[in-house]
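Comments concern the structure below.
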Amino acid sequence: MHIAIIYATVEGQTRTIATHIEAYLADSGHSTQVIDATHPPDAFAIDAIDGVICLGPVHIGTFPAPLRRFVRTHMRELMARPGAFISVSLTAAGGDAEEMAELAEIATAFSEETGWWPVAVHHAAGALKYTEYDYFRRWMMRRIADKHHASTDTKHDHEFTDWGELDLFIDGFLRDLPAVAGKI
Ligand SMILES: Cc1cc2nc3c(=O)[nH]c(=O)nc-3n(C[C@H](O)[C@H](O)[C@H](O)COP(=O)(O)O)c2cc1C
């Protein structure tokens, strides 16, 4: 199958996840077209695509504007194929039920705004890149991390992404894709 991987990132972790999925799909015999929504290609050849995997990081309760813009612009083409959405956040690292419900609401707000409704949503834990933040951001993220019981050791970066869980989600999406495709 040929899968479009559409992402935006602010600190780089979502790009790392998109690159991982690209390699994972290649290992499974699939081809991909990777699109950084912040620098979209002039033409988007949707005809050749069997499915869509869209990824975005939660930053202050929403997803990056370039991703929202790209998905909104191409909503009709994207909706014609089965799609999976991967929301990347710090909240997902904690797994608290109330906070996971808030994450679900943030993902729903993304679909309401863009008009793109994926058939599957995965909440992946992201990373804390303390060493790359400026003073204010490091201070702010340390406070948020403390609230979520994540590491407040600002001398090091911390990655929370569960790669095995992510691969299982991709496996499930690919397995269900042919059956779902006919129903959209
Ligand atoms: C300025 C800033 C705001 C953030 N806001 C949230 C938030 O509202 N909720 C959350 O769960 N995580 C939040 N995070 C954590 C990010 O989602 C996490 O660091 C993710 O890995 C960032 O992905 P990226 O590297 O692709 O930008 C925030 C991170 C930063 C730096």
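Counting starts at 1 for both ligands and their atoms, following the listed order.
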Tell me whether the rings of His122 and Phe169 are parallel (<30°), tilted (30 to 60°) or perpendicular (>60°).
parallel
Below 30° counts as parallel, above 60° as perpendicular, anything between as tilted: where do the rings of His156 and His158 land?
perpendicular
- Determine yes or no for a side-chain-to-main-chain donor-acceptor pair under 3.5 angstrom, with Ser28 supplying the side chain and Tyr24 the backbone. yes
Rounding to 0.5 Å, atoms CZ (Phe70) and OG1 (Thr114) come to a distance of 12.0 Å
Using a strict cut-off of less than 4.0 Å between a Lys/Arg side-chain nitrogen and an Asp/Glu carboxylate oxygen, indicate whether Arg137 and Glu11 qualify as a salt bridge. yes
Taken to the nearest 0.5 Å, the spacing of Ile5 CD1 from Thr19 OG1 works out to 8.5 Å
Counting only non-hydrogen atoms and a 4.0 Å cut-off, the residues near ligand 1 are Thr9, Val10, Glu11, Gly12, Gln13, Thr14, Pro57, Val58, His59, Ile60, Gly61, Val88, Ser89, Leu90, Thr91, Gly126, Ala127, Arg137, Met140, Met141
